[in-house]
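Before any comments, here is the structure.
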Protein chains: 2
Amino acid sequence: MAEARPAILIVEDEPEIRHFLRASLTAEGYRVVESATGRRGTIDATTHKPDLAIVDLGLPDLDGIEVIRRIREWSPMPILVVSARGHERSKIEALDAGADDYVTKPFGVGELLARVRAALRHAVRPSEGNSVLRLEHATVDLERRRATRDGADIRLTPIEFRLVACLAKHLGRVVTHRQLLTEVWGPTHAKDTHYLRIYMKQLRDKLEADPVQPRHFQTETGVGYRLVVEE
Amino acid sequence: MAEARPAILIVEDEPEIRHFLRASLTAEGYRVVESATGRRGTIDATTHKPDLAIVDLGLPDLDGIEVIRRIREWSPMPILVVSARGHERSKIEALDAGADDYVTKPFGVGELLARVRAALRHAVRPSEGNSVLRLEHATVDLERRRATRDGADIRLTPIEFRLVACLAKHLGRVVTHRQLLTEVWGPTHAKDTHYLRIYMKQLRDKLEADPVQPRHFQTETGVGYRLVVEE
DNA sequence: CCGATTCTTGACGGGTTCCTTATGCGCGGT
DNA sequence: ACCGCGCATAAGGAACCCGTCAAGAATCGG
């Protein structure tokens with residue numbers, strides 16, 4: 001990388017929010033590129049090659065989701081979505097289109113920065129770590145297809161395993177119901193969200209210290225689930 | 001090996017992704033050869049003899065699957081497949097054609113490198129370790145095609161031998177039904193999982209101390225089998 | 001051509017996994 | 001307060017997978 005400071009692209013039409021974002025991010029040491037429209041954003045993404053993109057869904061010219069799609073055609077860079085409250089629908093569409101995470105307007109600086117850090121970390125991290133998930137009282141070895149609980153081996157069924165693998169692939173980020181269902185059960189069951197609840201419970205029972213207060217397998221109401229491992 | 005750094009062949013038509021791959025791989029210390037077309041790729045594979053090949057399925061001139069077939073005709077080098085999201089069908093075809101693993105576009109650097117390392121590790125294993133399996137009460141010499149049980153020689157049938165060899169090649173990892181069947185019986189019997197149960201029992205009867213509670217030949221329900229040797 | 005080994009095929013019981021159905025709970029909207 | 005929606009949880013039966021036995025083909029060496 002030419003520069004040590006990560007570059008972040010902001011695609012946001014409202015000047016208020018754009019400037020707020022720039023201020024917050026530069027204060028943290030990030031370099032910032034701003035685009036006020038969707039078209040401009042897709043161009044800036046290719047020319048500036050940022051390390052991360054923040055995309056508002058409510059753009060005047062080009063749908064934010066379309067922006068995400070166009071970036072995803074050629075780059076795996078982390079994409080953070082900013083959406084107005086209540087627009088669950090487009091939030092999900094954005095994630096399905098390839099976004100990595102989202103924040104809901106209005107949001108605090110802390111939340112935003114946390115997500116940015118998480119997204120950047122995940123973009124680089126996996127290269128160093130092996131494919132072993134380390135939870136509080138349990139571990140899951142994705143490559144060897146093995147799991148332990150308090151040191152002892154435990155069994156995961158094929159579906160349970162695929163589910164963990166799918167969540168682990170997007171560690172720390174939201175995975176939509178649709179994504180999980182199509183990857184684990186196939187496209188024909190893309191709407192059987194009920195399956196998820198059942199198997200998520202199984203995973204929590206087997207891997208969480210307290211299945212009732214899950215720390216790792218978090219549910220994102222109306223959207224999907226998220227797998228989190230502490231540092 | 002002439003060089004310590006493994007050489008990797010990239011067969012990919014889109015310049016963006018090709019350069020992204022080169023950058024990521026060279027940064028990790030790999031040597032890289034690029035081919036922009038399928039035909040070029042098959043040629044470069046023979047001339048450069050890379051340690052691993054990364055093949056995009058969506059090539060303009062020659063189907064990526066055809067590239068895999070042609071390489072597989074003469075080389076067992078690990079082949080990593082890159083495919084666009086949603087093309088489940090060709091992904092499976094690719095694996096059947098002899099590919100070792102796949103990543104879906106768009107993918108992160110970490111994921112890619114992890115798979116590359118895994119693939120290279122699998123490839124190096126059998127050559128570095130000696131080819132003698134030491135189990136609790138039995139040994140299997142894969143090179144000399146011999147086996148002992150409690151010190152005395154025992155006979156393994158050809159199929160039994162191929163089965164052990166296939167499991168030993170992926171020591172400690174699960175080998176899927178499909179993999180075992182295609183490697184031992186050929187692609188036409190890829191679904192006759194029944195064979196596996198029968199021959200697995202034979203192996204356990206001959207090599208396990210207690211065939212009913214197998215310690216080395218473990219079954220992974222719904223997925224495949226795994227060969228484990230204690231340290 | 002015959003016998004022995006090996007491979008294939010069929011059948012059955014037991015166990016696990018998976019799907020279905022049903023119920024309760026909490027939250028937000030009307 | 002009521003209702004609807006999404007989520008968590010429980011439980012039973014169906015489907016599937018595995019291990020096992022046994023007997024019929026195929027193969028091979030003599």
Side-chain angles (χ1 to χ4, degrees), chain A residues 84-89 91-92 104 145 147 153-164 167 174-178 180-181 183-186 188-208 210-227, chain B residues 145 147 153-164 166-167 174-178 180-181 183-186 188-208 210-227:
Chain A
R85 183 155 82 175
H87 291 84
E88 301 290 312
R89 198 49 185 281
K91 203 177 358 184
I92 297 172
T104 307
R145 263 194 111 80
D153 276 22
I154 56 172
R155 295 169 54 81
L156 294 188
T157 75
I159 287 192
E160 286 164 4
F161 221 95
R162 271 181 280 169
L163 204 49
V164 185
L167 286 166
V174 187
V175 189
T176 65
H177 294 140
R178 170 185 297 278
L180 290 169
L181 285 164
E183 281 209 42
V184 176
W185 280 271
T188 52
H189 294 85
K191 299 208 162 174
D192 295 328
T193 54
H194 185 67
Y195 292 1
L196 285 177
R197 298 194 200 107
I198 293 177
Y199 281 91
M200 210 50 82
K201 169 165 175 54
Q202 316 242 62
L203 286 179
R204 283 168 174 162
D205 282 347
K206 290 186 178 179
L207 300 174
E208 289 274 5
D210 179 9
V212 185
Q213 298 289 327
R215 297 174 50 81
H216 300 106
F217 295 87
Q218 302 175 354
T219 128
E220 207 72 21
T221 306
V223 182
Y225 292 86
R226 185 201 304 262
L227 177 58
Chain B
R145 295 196 141 254
D153 276 22
I154 56 173
R155 293 173 55 79
L156 294 188
T157 75
I159 287 192
E160 285 164 4
F161 242 107
R162 271 180 281 168
L163 204 50
V164 184
C166 191
L167 287 166
V174 182
V175 190
T176 64
H177 295 140
R178 171 183 292 277
L180 290 168
L181 286 164
E183 281 206 42
V184 177
W185 279 271
T188 51
H189 294 84
K191 297 206 163 175
D192 296 328
T193 54
H194 187 72
Y195 290 0
L196 286 178
R197 290 186 220 121
I198 292 176
Y199 280 91
M200 210 50 80
K201 172 169 172 53
Q202 317 241 55
L203 285 179
R204 298 211 257 233
D205 282 346
K206 290 185 179 178
L207 300 175
E208 289 275 4
D210 178 8
V212 185
Q213 297 289 325
R215 297 174 49 80
H216 300 105
F217 294 88
Q218 303 175 352
T219 130
E220 203 70 22
T221 307
V223 183
Y225 293 86
R226 173 199 354 247
L227 178 57

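Bear in mind the structure is a predicted one, so any value in this text is a computation, not a measurement. Reminder, nothing fancy here: chain letters follow the sequence lines and each chain counts from 1.
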Checklist line | Contact under 4.0 Å: B:W185 side-chain N or O vs C:dC7 OP1/OP2 | finding: no
Notebook entry, point to check: Reckon A:T157 has a side-chain N or O less than 4.0 Å from the OP1 or OP2 of C:dC18?
Noted result: yes
What I'd like to find out is whether the side chain of [X] reaches to under 4.5 Å of the side chain of [Y], using heavy atoms alone.
X	Y	result
A:H216	A:E208	yes
A:Y225	A:V174	no
A:T157	B:T221	no
A:W185	A:L196	yes

Could you grab the distance from atom [atom1] of [X] to atom [atom2] of [Y], nearest 0.5 Å is fine?
X	Y	atom1	atom2	value
B:R162	B:Y199	CZ	OH	9.5 Å
B:Q218	B:R204	CD	CZ	9.5 Å
B:L167	B:R226	CG	CZ	11.0 Å
A:M200	A:L180	CE	CG	6.0 Å

Check: Using a cut-off of 4.0 Å on non-hydrogen atoms, how would the nucleic acid contact of A:T219 be classed: base, sugar-phosphate, or nothing?
Finding: sugar-phosphate
Next item on the list: Using a heavy-atom cut-off of under 4.0 Å over every strand shown, decide if B:H177 touches base, sugar-phosphate, or nothing.
Entry: sugar-phosphate
Short heteroatom pairs, N/O only, protein and nucleotides 21-30 of chain C, under 3.5 Å:
{"residue": "C:dT21", "atom": "O4", "partner": "A:H194", "partner atom": "NE2", "Å": "2.8"}

Item checked: Bend angle of the helix from C:dC1-D:dG30 to C:dT30-D:dA1, from helix axes over five pairs at each end, nearest 10° ->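 Taking the rotation axis at each end, their angle is 30°.
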Next item on the list: Taking heavy atoms of chain B and a 4.0 Å limit, find me the 5'-most and 3'-most nucleotide of DNA chain D within that range.
Entry: D:dC17 to D:dC21
Separation of [N] [atom2] from [X] [atom1] (nearest whole Å):
X	N	atom1	atom2	value
B:L196	C:dC7	CG	C1'	14 Å
B:R162	C:dT6	CZ	C1'	12 Å
A:K201	C:dC19	NZ	C1'	17 Å
B:Q218	C:dT16	CD	P	16 Å

Margin query: Using the side-chain contact (heavy atoms from CB on, under 4.5 Å) definition, which of the options A:V175, A:L156, A:L181, A:L203 pairs with A:L163?
Written below: A:L203
Checklist line | DNA chain C: 5'-proximal contact among B:E160 and B:R197 (nearest heavy atom) | finding: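 Its nearest nucleotide lies further toward 5', so the answer is B:E160.
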Next item on the list: For B:Y195 and for B:T221, find the nucleotide of DNA chain C with the closest heavy atom, then tell me which residue's nucleotide is more 5'.
Entry: B:Y195
Check: Should we say atom CZ of A:R178 is surrounded by more than 12 heavy atoms from elsewhere, each under 6.0 Å from it?
Finding: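 Counting neighbours around CZ of A:R178, 12 or fewer heavy atoms of other residues, nucleotides or ligands fall under 6.0 Å, so no.
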Item checked: More than 12 heavy atoms of other groups within 6.0 Å of A:R155 CZ ->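 12 or below, so no.
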